[in-house]
2 protein chains.
Amino acid sequence: MEKDLEPFSTRVRRGAVLERNCPSREVLKHVTSQWGVLILIVLEGGTHRFSELRRKVDGVSERMLAQTLQWLEGDGLVERIAYPVVPPHVEYSLTPIGREAAGHIRALADWIEVRLPDICDAQAARVAA
Amino acid sequence: MEKDLEPFSTRVRRGAVLERNCPSREVLKHVTSQWGVLILIVLEGGTHRFSELRRKVDGVSERMLAQTLQWLEGDGLVERIAYPVVPPHVEYSLTPIGREAAGHIRALADWIEVRLPDICDAQAARVAA
DNA sequence: GGCCTTGCTTACTATTCGTAAGTACATACA
DNA sequence: TGTATGTACTTACGAATAGTAAGCAAGGCC
């Protein structure tokens, strides 16, 4: 029985992220991408315009911001509303499932910030050794 | 006041992942990296040898497995024990903080697997529109 | 001697990413 | 009237990163 011939529903039901072709791998990639993480955290704080996100997510390029927002929109985690005005006005916000995802991501980010001293100690200890 | 001159401790205390030079960004990058996520999930299930990880984390190359394990070890999340035998025998396991990180990651992965049908529906709806 | 094993490392290539510039208007200001 | 500014992107191109495949060390087995 080859993996590729296995019915979609089976893979979904089993929910096997560890498997190469599992569709959850893609979603995981979008959500945990370098900028996806930060965008979700910011959007958890409310609706933002493109340029507001660009300013808040320090270091993101317009290219990657646009691309990552398209991924997240494609996965149904982010909603995009464009007002047909000039100059353009576009608002991004989280969908209900987007809010769930953002909750998990923020929990992880918060944890890292809390544990950062421990992690830095570990890094320093390794350098010393 | 320039960001780069701001004392390290201040940035740490504030724990600002959104800032470009915050050290938590690096850790976040390692933990949420494509293979970091899956490695943490597997290691949560217990100690594994290099080749066992390679088999369980479907699709990872030896190059990226080694590199990601080194990141996680450097951050103090993974412990590496090498037995001086031939052929080599190396065991990887989670440290206490590694176990905490893995818990958050697995919560996210589990959530994605549960929500995958909804996400796929959202994707399909967009394609139709 | 030749081959097998494990846990890497090292070249080389493919993919992705960051940087900078361009676009289409409208408004502000000189 | 002309120039500058702001928005939300897209596009080209060089740089960084990831994937592929091969190599390596050193002992055991036949």
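So you know, we letter chains A, B, ... as the sequences are listed, proteins then strands, and number each from 1. This one's a predicted model, so the numbers in the text were calculated from it and none came from an experiment.
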query = Mind checking who shares a hydrophobic cluster with Tyr83(A), ILVMFWY linked at side-chain heavy-atom distances under 4.5 Å?
reply = Ile81(A), Val85(A)

query = According to a strict under-4.0 Å criterion, is Gln70(B) in side-chain N/O contact with OP1 or OP2 of dT9(C)?
reply = yes

Atom pair distance, as rounded to whole Å: CZ in Arg80(B) and P in dT6(C) = 16 Å

key: Within one Ile-Leu-Val-Met-Phe-Trp-Tyr cluster: Trp71(B) and Phe50(B), side-chain cutoff 4.5 Å   = no

inquiry  = Measure CD/Glu52(A) against P/dT7(D) and give the value in whole Å, please.
reply    = 9 Å

request  = Have a look at Tyr83(B) and say if it touches a base, only the backbone sugar-phosphate, or nothing, with a 4.0 Å heavy-atom cut-off.
outcome  = nothing

request  = Rounded off to whole Å, could you give me the NE2-to-C1' distance for the His89(B) and dG28(D) pair?
outcome  = 17 Å

message = Can a donor-acceptor pair be found, under 3.5 Å and without considering hydrogens, that links the side chain of Arg25(A) to the backbone of Val17(A)?
response = yes

ask   = At what distance, to the nearest 0.5 angstrom, does CD1 of Ile105(B) lie from CG of Leu38(B)?
value = 9.5 Å

message = In this structure, how many angstroms lie between the C1' atom of dG19(D) and the CG atom of Asp58(B), rounded?
response = 15 Å

request  = Give the C-alpha distance, both sets of side-chain angles, the deciding distance and a yes or no for side-chain contact (heavy atoms from CB on, under 4.5 Å) between Glu79(A) and Leu94(A).
outcome  = CA-CA 6 Å; Glu79(A) 190 187 15; Leu94(A) 293 180; over 6 Å; no

inquiry  = For Val57(A) and Leu65(A): C-alpha separation, side-chain torsions, deciding distance, then whether side-chain contact (heavy atoms from CB on, under 4.5 Å) applies.
reply    = CA-CA 9 Å; Val57(A) 179; Leu65(A) 180 56; 5.6 Å; no

remark   = When rounded to whole Å, the CG to P distance for the pair Leu69(A) and dT7(D) reads 16 Å

note = Heavy-atom closest pair (His30(B) atom, Leu72(B) atom, distance to 0.1 Å) is O-CD2, 4.2 Å

task = Treat primed atoms plus P, OP1 and OP2 as sugar-phosphate and everything else as base, then score nucleotides 10-27 of chain C 5' to 3': B for base contact with protein heavy atoms under 4.0 Å, S for sugar-phosphate contact only, - for none.
result = BB-----BBB-----BS-

task = Over all heavy atoms of both residues, which pair between Leu18(B) and Asp58(A) is shortest? Give the atoms and the distance, please.
result = O-CB, 2.9 Å

ask   = How close do Leu40(B) and Ala102(B) get, heavy atom to heavy atom, and via which atoms?
value = O-CB, 3.7 Å

note = Numerically ordered, the residues 36-51 of chain B set in heavy-atom contact under 4.0 Å with DNA chain D is none

query = In whole Å, what is the span from the CD atom of Glu26(B) to the P atom of dA16(D)?
reply = 15 Å

